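What you are looking at is a predicted structure, and each value in this text was computed from that prediction instead of being measured. Indexing begins at 1, ligand by ligand and atom by atom, following the structure's order.
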Amino acid sequence: MIRKLITRLFSPKAQAKSLGKRVEAAGAGLGIDPARLPNSALTVVRNLQQAGFEAYIVGGAVRDMLLGLKPKDFDVATNATPEQVKPLFRRALLIGRRFRIVHVMFGREVIEVSTFRANPDAQGQAVDGDERSADKLAGRHHAVDAHGRLLRDNVWGSQDEDAARRDFTVNALYYDPTRDVVVDYHHGLRDLKARTLRMIGEPSRRYREDPVRLLRVARFAAKLGFDIAPGTLHPIAAHSELLRNVPSARLFDETIKLLQTGHALASLDNLRRLGLHKGLLPLIDLALSQPRGEAFVMAALGDTDARIGAGKTASPSFLFACLLWPQVGQRWAELQAEGVPQIAALDQAADEVLAAQAERLAIQRRISTDMREIWALQPRLGRRTARYAHAALAHPRFRAAFDFLLLRARTGEAAEELARWWQDFQDADEAGREALLEQAARGADAEAPKKRRRRRRKPAATADAADPAQD
Ligand code: ATP
Ligand code: MG
């Protein structure tokens, strides 16, 4: 039975089917205007072609141009190896190990150039990959783990093989600006028109090869507003556990992409619908299971989408600070109720939550440091004395901490008045700031007796009870 299946999978007929039939379509007829392509991408394609190689713009950029969206960046695919690509450009870097590519730099812009790679199916057809001999010793061309996950992917191949190893049909379109043609092997143009997200090949096997593709379904369905093809959708539930085998640094990268698409809310919604949020961001599960936490996370993601829609950026540290805040806030309140002083309690809450999160999804140290600072500034923004206020304003994380305070105010967790005060304080000149500090001091005096009474009361285990900014 198994042998039959294997024979079927690797028979020349099956291989031809999985590689797809090459179809070319004129770019002009599809609404692509080569004149609107950036010079950087055109230069990379032309240099490669003039050196005698094949070169195409590929993936997200082609898909987005065909949909009339502005591509985020431009990737190029070629039959030149990284070592052949590099000397063709003045500023080019060889990067990656698991997935070796070349970055060609144009000022701050980077064009990613990847060599056509073979599909793990296409046994015996790969050429010139330097992983080849080592993998051959292991009895296969691609190194895989016990679950079938690809560990390396540096086996060079032809364009049809390269197309077959891409994830979705609409992500496997190639555009040659010199001839103005789109090359399609897997009915990507048809799916694009029908607004369908369809995995190339046999979806279960593709999820096993790389479980991150599960998250990519949620991301692209949200970003493009596409339907998920039934065959692509159905195996997801049975494979969601495979995300546990993915190195936490890769999960982090893919989650950041998901949050920064400008469709973070819709992506998170998809993750929940597909049952993929569990275990990925365990602390977000908890946050979303309580109405307060859910309101905060939703407001944060809604803001992020609006910022990105307006052409601004959202830093990963701000995003993750928001996502984990409901847990940190709750733990902070509990620790204070146990008698730990306010600042120490927040520090400890941050430690605990970041440690629990790190087990699944590794947040880079640089980012977790910034997250801590955003959190630590929250109680400090509640202390409106000259010393604290000026120090807070000069803090490199002030802007992010202030945006965070605005979110907390909007979700009823911090006082609107405090958020307004900080807005005024930033806008004011020196005299204005003095006046605001005096006004805050008067307010604090009037509040003082109430504040002492509150202190003695045992705070409830909710974020707002712990919120000193409200006092
Ligand atoms: P975006 O505009 O959001 O960057 P994109 O399609 O460019 O979308 P990337 O993550 O940048 O997405 O990947 C570039 C291309 O590489 C994809 O279009 C796809 O062809 C291929 N690709 C990326 N990740 C995978 C994967 N895990 N499995 C198969 N193919 C992939
Ligand atoms: Mg991309």
Subject >> Those residues that, when tested against Asp191, pass side chain to side chain contact (heavy atoms under 4.5 Å, CB included) (two or more places apart) >> reply: Thr169, Val170, Thr196, Arg198

Original post:
Taking only residues two or more places apart in sequence or in another chain, which ones pass side chain to side chain contact (heavy atoms under 4.5 Å, CB included) with Arg399?
Top reply: Phe402, Asp403, Gln426

Residue pair [X] / [Y], side-chain donor-acceptor N/O under 3.5 Å:
| X | Y | value |
| --- | --- | --- |
| Trp325 | Gln330 | no |
| Tyr207 | Arg213 | no |
| Asp184 | Tyr174 | no |

**OP:** Indicate yes or no: does an N/O atom of Asp73 lie under 3.5 Å from an N/O atom of ligand 1?
**Re:**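 No.
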
Subject >> Any N/O pair Arg206/ligand 1 closer than 3.5 Å >> reply: no

Original post:
How about Phe296 and Phe404: are their ring centres within less than 6.0 Å of each other?
Top reply: yes

Original post:
Are Phe320 and Phe252 close enough that their ring centers fall under 6.0 Å?
Top reply: yes

Subject >> Selected option - heavy-atom contact closest to atom 5 (P) of ligand 1, from Gly59, Pro71, Ala163, Gly60 >> reply: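 Shortest heavy-atom distance from atom 5 (P) of ligand 1: Gly60.
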
**OP:** Give the single entry among Arg216, Arg166, Met199, Arg63 that approaches atom 23 (C) of ligand 1 most closely by any heavy atom.
**Re:** Arg216

Quick one: nearest non-hydrogen protein atom to [atom], plus distance?
| atom | value |
| --- | --- |
| atom 29 (C) of ligand 1 | Asp167 N, 3.3 Å |
| atom 3 (O) of ligand 1 | Arg219 NH1, 2.7 Å |
| atom 4 (O) of ligand 1 | Lys72 NZ, 2.9 Å |
| atom 28 (N) of ligand 1 | Arg213 NE, 2.7 Å |

Subject >> Ligand-side contact atoms (ligand 1) for residue partner Lys223, heavy atom cut-off under 4.0 Å >> reply: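 Near Lys223, meaning under 4.0 Å from one of its heavy atoms, ligand 1 has 1 (P), 2 (O), 3 (O).
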
Original post:
Under 4.0 Å from any heavy atom of Arg165, which atoms of ligand 1 are there?
Top reply: 29 (C), 30 (N)

**OP:** Would you kindly specify which portion of Asp210 sits under 4.0 Å from ligand 1, judged on non-hydrogen atoms: side chain, backbone, both or neither?
**Re:**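 It is the side chain that touches ligand 1; the backbone stays farther off.
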
**OP:** Would you mind telling me if ligand 1 is within reach of the side chain of Lys257, the backbone, both or neither, using heavy atoms under 4.0 Å?
**Re:** side chain

Is ligand 1 less than 4.0 angstrom away from at least one heavy atom of [X]?
| X | answer |
| --- | --- |
| Asp75 | yes |
| Phe168 | no |
| Glu209 | no |

Original post:
With distance as the sole test, does Asp305 use its side chain to make a donor-acceptor pair with the main-chain N or O of Ala264 at under 3.5 Å?
Top reply: yes

Original post:
Are Asp253 and Arg250 within salt-bridge range, i.e. N to O under 4.0 Å?
Top reply: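 Salt bridge absent between Asp253 and Arg250.
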
Original post:
When you measure from the centre of the six-membered ring of Phe99, is the NZ or CZ of Arg117 under 6.0 Å away and within 45° of the axis?
Top reply: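 Satisfied, under 6.0 Å and within 45°.
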
